[in-house]
Each structure stands twice: as structure tokens, then as C-alpha cells.
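Have a look at the structure below, then the notes.
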Number of protein chains: 4
Amino acid sequence: MQAKSPKEIKRDLILDAALKVFSEKGYHNATMNEIATAAGIGKGTIYEYFASKIQLFQQMLARGLYTYFESLEMQNLRRKTVEEMIHSLLEGHILFCRQHSRLTRLVFWDTQVQDDEVKDWMLQMRKEKEARLQKILEEGIASGELRQQDPYIMTLVVTGVIASIWAPLVLDGWDIETNYLADAITDVIMRGIRNQV
Amino acid sequence: MQAKSPKEIKRDLILDAALKVFSEKGYHNATMNEIATAAGIGKGTIYEYFASKIQLFQQMLARGLYTYFESLEMQNLRRKTVEEMIHSLLEGHILFCRQHSRLTRLVFWDTQVQDDEVKDWMLQMRKEKEARLQKILEEGIASGELRQQDPYIMTLVVTGVIASIWAPLVLDGWDIETNYLADAITDVIMRGIRNQV
Amino acid sequence: MQAKSPKEIKRDLILDAALKVFSEKGYHNATMNEIATAAGIGKGTIYEYFASKIQLFQQMLARGLYTYFESLEMQNLRRKTVEEMIHSLLEGHILFCRQHSRLTRLVFWDTQVQDDEVKDWMLQMRKEKEARLQKILEEGIASGELRQQDPYIMTLVVTGVIASIWAPLVLDGWDIETNYLADAITDVIMRGIRNQV
Amino acid sequence: MQAKSPKEIKRDLILDAALKVFSEKGYHNATMNEIATAAGIGKGTIYEYFASKIQLFQQMLARGLYTYFESLEMQNLRRKTVEEMIHSLLEGHILFCRQHSRLTRLVFWDTQVQDDEVKDWMLQMRKEKEARLQKILEEGIASGELRQQDPYIMTLVVTGVIASIWAPLVLDGWDIETNYLADAITDVIMRGIRNQV
DNA sequence: CATGAATGAGACTTCATTCAT
DNA sequence: CATGAATGAAGTCTCATTCAT
């Protein structure tokens, strides 16, 4: 935990403003002028920190995803069973959606960017996320905690449920207790994939 | 089934071209010129049928969603149990994803349009779809087929799984037998929500 | 000699305006807006005919050089001796400088363009011009009309003199009779390179 | 020869860097940043010594031309005949082109600067140079060394040849012995203008 | 004095929309 | 009706210049 340099502070300031404007207007409808104004700086200053609009967007997304995965990691440490892991995954996801609703909207909805580099990179992230989850589920099957099923289909179910939570939470401001929601969904999922003794 | 007027034929021609171009390039990167060329007509002619780019997009989406729901309806007629309905829902969805992969991409991914009217309308569609599904699930709970659970949470799980299927099918060209996939997912979902006797 | 299409007419209109503005302001200080205004059209219209500012400049130059060389060719037909050729070269050059003073300025002075393609292309033109002249001079040496001398050095002298004429003609509006000037310079040059019997 | 003050040293440092960058990139494509970096100083420091980019360019050119004329003067002292003067003029010019190829390029090619003050000043320099040469030639005519001819036309020929030398020397790196080249050109010129007894 | 972060005027370019043919 | 040439608003990005440190 080290102090941020002034450059990093302003960089973050711009990223914050970019997050705000991009999430409100979407990539194409956001203008560099708006972002500059939102950051309380001049238009040209952004270009001192980011080479182009698309790079600003990409790096804002990167920071957001990094935060997201970091927040999930913190939840997932020391979990033993698949059930616990899914529960903590859901809990982390719900908390993150609530705390960073704007960012979540961008990451899970606004994925429409035509820049091929960004697109490929986001696809890559999605695959990685899936692969990590699938590995956990495969281990669960091997240990006998989960029943014999195509692990990729299990993965689809879990990621699908996770992805579908953000909309009511962020768009509708769904007011439901985090733990209760995580419990209920974990319950449905686990009944679906658990090995019935 | 009545014969289409010449106006309707050309209108559909434009909508087809719009679907092709929008789905390949996304809303903002598609130009009216490209769409006109893809339709084999002049740029100005589009404006004889659609007032603006955003309205063309919206009406193309509307036609697509109408087709989607129509295709689901046809699958769902005369189904009795919730299990059958979910299975047919999945089957219809998978078939539609495969047959109209471009459209699916637009409807489930490219939702980034800032025009408020379109946005609200798409949100409305989502809510309606959810509401219809939730009603089916509630009836299943009432009839004892499904166990006592928050029906909205059940809805979330089902819609989430459905939404997550399109990506591997459309983006990765996942080659899996429709019925097998529908069976497997239905199985997981139903184990999760079925009333265990 | 065929009638020009409307597209070609407007293309020429834009090239004329470009010539006017570029020659008055130079490449970098000329704006597309000015050129459009000078042509009496909208800014965007230029881009219907030319892909970019640099291409407009390049094609304006190309048309100018084509006109220049064509005008020299017409002068040079049917000349027999080197003396006659140099005289007609000078005459053509002087006439062209007077008639297309703006263009001449661009071709002979404003050569400062950083676009590498244009630069290489202009260098190429210069080399070709030199090579053609040098060949004539070499033939003059072979035929005995000119004395034994390094033909490249002769070429340098002739091109140097030619290039230096435009400045007083164009910049200072030097009022001197074309034939008299051509005669006088030809005389000086020919004394310098003629084989003294 | 007096010691330079620290201010003058840094001023020269900046002018050197400006010469390097301007000659490589041209006026408009050179940036103050590059010049500062090339000089190893901060961007703002340039403005302690020069009021603006255009003034930096102008003063760099002025220093260059001053050096050029000084170098010619040194060659021309104590020359008696016109032939000797032209020969030494050529010799000095060739040497300068070789030693300061970058500067030469700027002075003889990159003349495209639209700032009226600089433009007028460079025109002024050109006129002065011409006038000085014309005076020498007029004296040659009066003394009978040169034949009766319009002295301005003679001047044109001489300046033209001089101006045309730089391109092969600087651009093509023409490898030719200085004295041989000066001799050959002087020979051609003098045959052209000398009074034939 | 020296610096370089900040600025914003201004340039090029795109493209939805119009309208004369 | 159909067209596509013409348009100009609007957006991204550059860079000379300023000024607080």
C-alpha cells in the first residue's frame, strides 16, 4: 500500500470521470469534452494521460475488471467446498454490482465497442473467467461433491445466473438483502448440480 | 397469410440489409450508405421508408424480437408442465440463436443504443418476458410441481441461463446437438427448482 | 477533345480553388474550409472528390505538372539543334510561368511537404526532367554541336537557370518580352556549352 | 573573438537543436517539444530565449544566412577578376553546402513559411545577394572583362546555377571534388559571359 | 531561471440528412 | 418514387503557449 504519485492521482481522476460519462452515455455518445468537464480539467489534458478515446475506454475497463476480480478474489480465499465457492462468488458479485453499479453496467452490458483489440481482450477475459469456474466445477465432480454432468453446461448455468443478477440490481435498484439473495440462488444452483446422495 | 404489397417488400428488403450491416458493424459503425448498398438501393430511398437511422434500427429490432417471440410461441403451444415449457423455451431459443445468429447478437449483446425511446422499449420487452416466465413458475409452485421458493429468483436463474447460451452458440459456433443441450440444461434447472417428493 | 462530365467539371473547380488557396497560403496554412469557400461549395463536398487534404494537394500538383510538361512538349516538337531546344524550353517555361504564376510558385518553391509519398514523387519528377535534358545534351556532344564537357554539369547549369527565372517573373512581375529574354539566356548558355569552331 | 555569456551559449544550443529538427521535419511538422528535447532542456525554457516558434525559426535562419555570407566573404576577399570571384563564390557555396547540409536545405528549399515578416526578410536577402552580384558583373562589363549583355540576365544565370548545385550535393550526396566542380561550372559560365577577344 | 503540466483554439474528417433532378 | 450529390454539425486529436511551482 503505497502513496500515489500526483500523476497517478490525476490519471485516476480522469478514469473516474470516464467511468461516469461512459456509463451514462455509452462509448459513442460520450465525448472527450464531456469527460474533461466531468473531471474538471481541459480537453487536452486527457491526451497527456491517454493516447486516444478508445485507449481511455479500454484502460478504464481494465481498471474496472481488475477491481472486480480483486474483489472476487478477496471473497474466495480459503473456501473449501464448491457450494461455499459459488456462494462467495455470488456474494462478491452482488456486492460489487451494488458498489460499482456504473462500472457493472459497462462491463456486463455496454460491451458494444468495435475496436477489435478491445473486443478480443474482453472476449479473452470472459473465456478466462469461464475456464477458472469450470476447473472448480470439474474438481467438484472429481471429489464427488457434484454429480456427473457436462462441466461446461454447469459453467454456463452458473455464469448465466451471475450475469443475470446485475440487471435488476443495477437497473431496477432491487432492494434485497445480499446474503438472502446469495443463499437462495446458491440453493437453486446447488440443488441442480449437487450429487444427491 | 396475405400477399405483401410492393412497399412492404422493399421495406423488408431494407430491414434485411439493416440487420446484416448493423449486426456486423454495430449501430454506430454502420452507415446508411452501407445499408443502402447492401439493400441494392439508393441512400435516399431508405428515408422514404424510415424517418431516421435510429428508427430504422429500432424497427429492425422490433421485427426481430417479434420473430423471436413468435418462434417461442410456436414451440410453447400446448405444453402442460413447467418442465416441458422450460425445455421447449430452451429448444426454441437455441434454434433461434442458430438460425438468426446475427439478430441474436444484436438483441442480446449490442444493446448499447442511447436513444431513450429504444432503450425504454427494450427494457419493457425484458420485463414482459420475465413477467410471463414468472407467471408460469408461480403456477408451477401453486400446482406443486415446483417447490416453495421466491419465484422472482427462479425467474432470474432461468432467464440467466437462457441469456448465457447465445454467446458460445453464436460467437464460438458451439457445435452441440440442440436436443441434448436443451435436455441437459433443463435437467440442471429442474433439479434446482423442482419439488422433491 | 471530349466533353467533360459534370463530375470532372466540379473536380476541376475544386482543383482550381485548391491551387488558388495553396499557392497563396502554402500547404499547412491553407484550410479545407478556405478551399471549399473559394470553390463556392461546402466543406464536405471536397471529400466526395478527394480522400484527404494531402491527396487533394498531390493531385492538384499532378495536374499542374502534367499541364507544364504538356506545354513544354508542344514547344519542343520538331526542334532539331540543341540550341533550338533550349530556346524553346526557355520560351515554354517563361510562358508557363506567366500564365500559371500561382501554380509555378507551388511547383518550384512550395516543395515543402512532409508526406513521404508526395516528396518522393516530386523528387522523381525532378530526376526525370533532368535525365531527359541530359540525354539531349549528350546527343549534342556526340553530334559535335556541344563541346566535350561533363554532361551532368551542363544539365545543372541549364536547369539552374531555368529554375531561377520564375522568381523575378512571378514574384516581381518582371516585365520583359518573352522572346528577348529567351534569346538572351539561350545566348549566354550556348556560348558556355557550344563547341567553338 | 570574445567569450560568450552563459545566455548566449544556451541560445546557441537552442538554435542548434532548432536547426537539426527543422531541417529534418520542416517547419510545420517540427514541434517545440522535439526541439526542447533535442536541446536537452525543458519546453518552457525556449520561451525564455525566443518569443515564439516563428521567431525561433526566423532567428535560426538569420544565424544560418549570416554564417553563409560570412563564409562567402572569407572566400571572396582579395579576388580581382570576375572569373576569380565567381570561382570563389562557387567554391564557398559548395563547401558550405557540404558542411551545413541541413541548413542549406532549409535556406534553399524549405522556404515555405507564411509569416509575412520572415517572407519579406528572406526576399530582401535574396535581392541583396543579387544586387551585390550584379554590381560585380556590371564592373566586369565596364572593365571589359565581360561582354556587353544585360547584367541582370547574367545575374540570373549565375544565381540559378549556384542555387541548382545544392540539390545533388545535399539530397543525393553527390561525391565530386570541390575544386573540379567549381572549375567546370566557372568555365561554362565564363564562356557564356566573357568578352571574347 | 527552468520546467512541464495544463490548456483550448483550430484543423481534418465523417456521415446522417436533405432536396433538386 | 428513387436517387445520390451536397451539406455542415459535431467529434477527435494536435500542439504552441502559458504559468504555477
Side-chain angles (χ1 to χ4, degrees), chain A residues 6-7 9-11 13-14 27-37 39-57, chain B residues 6-7 10 14 27-37 39-57, chain C residues 6-7 9-11 14 27-37 39-56, chain D residues 6-7 10 14 27-37 39-57:
Chain A
K7 274 216 123 174
I9 289 171
K10 181 154 279 187
R11 202 187 122 94
L13 182 74
I14 295 171
Y27 179 75
H28 280 99
N29 293 96
T31 71
M32 294 302 264
N33 234 337
E34 276 175 298
I35 295 170
T37 304
I41 60 173
K43 195 187 351 175
T45 307
I46 297 179
Y47 288 89
E48 297 284 324
Y49 294 83
F50 302 93
S52 63
K53 187 185 183 184
I54 190 67
Q55 285 209 10
L56 170 59
F57 183 75
Chain B
K7 272 214 110 169
K10 185 162 273 189
I14 296 171
Y27 178 76
H28 280 98
N29 293 96
T31 69
M32 294 301 265
N33 228 341
E34 276 175 298
I35 295 169
T37 304
I41 59 171
K43 204 188 331 184
T45 310
I46 297 179
Y47 287 88
E48 298 285 327
Y49 295 83
F50 302 93
S52 64
K53 187 186 184 185
I54 190 66
Q55 286 209 10
L56 170 59
F57 183 76
Chain C
K7 273 217 120 175
I9 289 171
K10 182 155 279 186
R11 203 189 121 95
I14 295 171
Y27 179 75
H28 280 99
N29 292 98
T31 72
M32 294 303 263
N33 233 339
E34 277 175 299
I35 295 170
T37 304
I41 59 173
K43 197 185 350 176
T45 307
I46 298 179
Y47 287 90
E48 297 284 325
Y49 294 83
F50 302 93
S52 63
K53 186 185 183 183
I54 190 68
Q55 286 209 10
L56 170 59
Chain D
K7 271 213 113 167
K10 184 161 277 187
I14 296 171
Y27 179 75
H28 279 98
N29 292 95
T31 70
M32 294 300 265
N33 229 340
E34 277 175 296
I35 295 170
T37 304
I41 59 170
K43 201 190 330 183
T45 309
I46 297 179
Y47 287 87
E48 298 285 327
Y49 294 83
F50 302 93
S52 65
K53 187 186 184 185
I54 190 65
Q55 287 210 9
L56 170 60
F57 183 75

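Here is the naming used below: chain letters follow the sequence lines, and residue numbers restart at 1 for every chain. Computed from heavy atoms alone, side chains included, the values below leave out hydrogens, waters and symmetry copies. Note that the structure is a prediction, hence the values are computed from the model and not measured.
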Just the rounded figure in Å: distance from C1' of E:dT7 to OH of A:Tyr49. 12 Å

Round to a whole Å and report the spacing from CD of A:Glu34 to C1' of F:dG11. 11 Å

Taking atom P of F:dA5 as reference, at what distance in whole Å does atom CZ of C:Phe50 sit? 15 Å

Between its two end axes (five pairs each) the helix from E:dA2-F:dT21 to E:dT21-F:dA2 turns, nearest 10 degrees, through 10°

Under the side chain to side chain donor-acceptor pair (under 3.5 Å) test, which residues partner D:Thr31, sequence neighbours left out? D:Glu34

Please tabulate, one pair per line, each protein N/O and nucleotide N/O from nucleotides 15-19 of chain E that are separated by under 3.5 Å, including the distance.
from, atom 1, to, atom 2, distance (Å)
E:dA16, OP1, B:Ala30, O, 3.4
E:dA16, OP1, B:Lys53, NZ, 3.1
E:dA16, OP2, B:Met32, N, 2.9
E:dT17, OP2, B:Tyr47, OH, 3.0
E:dT17, OP2, B:Lys53, N, 2.9
E:dT17, O4, B:Lys43, NZ, 3.3

Indicate the atoms forming the closest heavy-atom contact of D:Ala39 with D:Ile14, along with that distance. CB-CA, 4.4 Å

So, OP1 or OP2 of E:dG4: does either fall under 4.0 Å of a side-chain N or O from A:Lys7? no

Taking the nucleotide of DNA chain E with the closest heavy atom to each, which residue, D:Gly40 or A:Gly40, is nearer the 5' end? D:Gly40

Using whole Å, report how far CZ of A:Arg11 lies from P of E:dA5. 15 Å

Which whole-number value in Å describes the distance from D:Ile46 CD1 to F:dC15 C1'? 13 Å

Out of E:dA5, F:dA5, E:dT7, minimum distance to the side chain of A:Ile41 belongs to E:dT7

Of all residues at least two apart in sequence or in a different chain, which pass the side chain to side chain donor-acceptor pair (under 3.5 Å) check with A:Thr37? none

Which side-chain N or O atoms in residues 45-54 of chain C pair as donor and acceptor under 3.5 Å with protein atoms at least two apart or in another chain?
from, atom 1, to, atom 2, distance (Å)
C:Thr45, OG1, C:Gly42, O, 3.4
C:Ser52, OG, C:Gln55, N, 3.3
C:Lys53, NZ, C:Tyr27, O, 3.0
C:Lys53, NZ, C:Ala30, O, 2.8

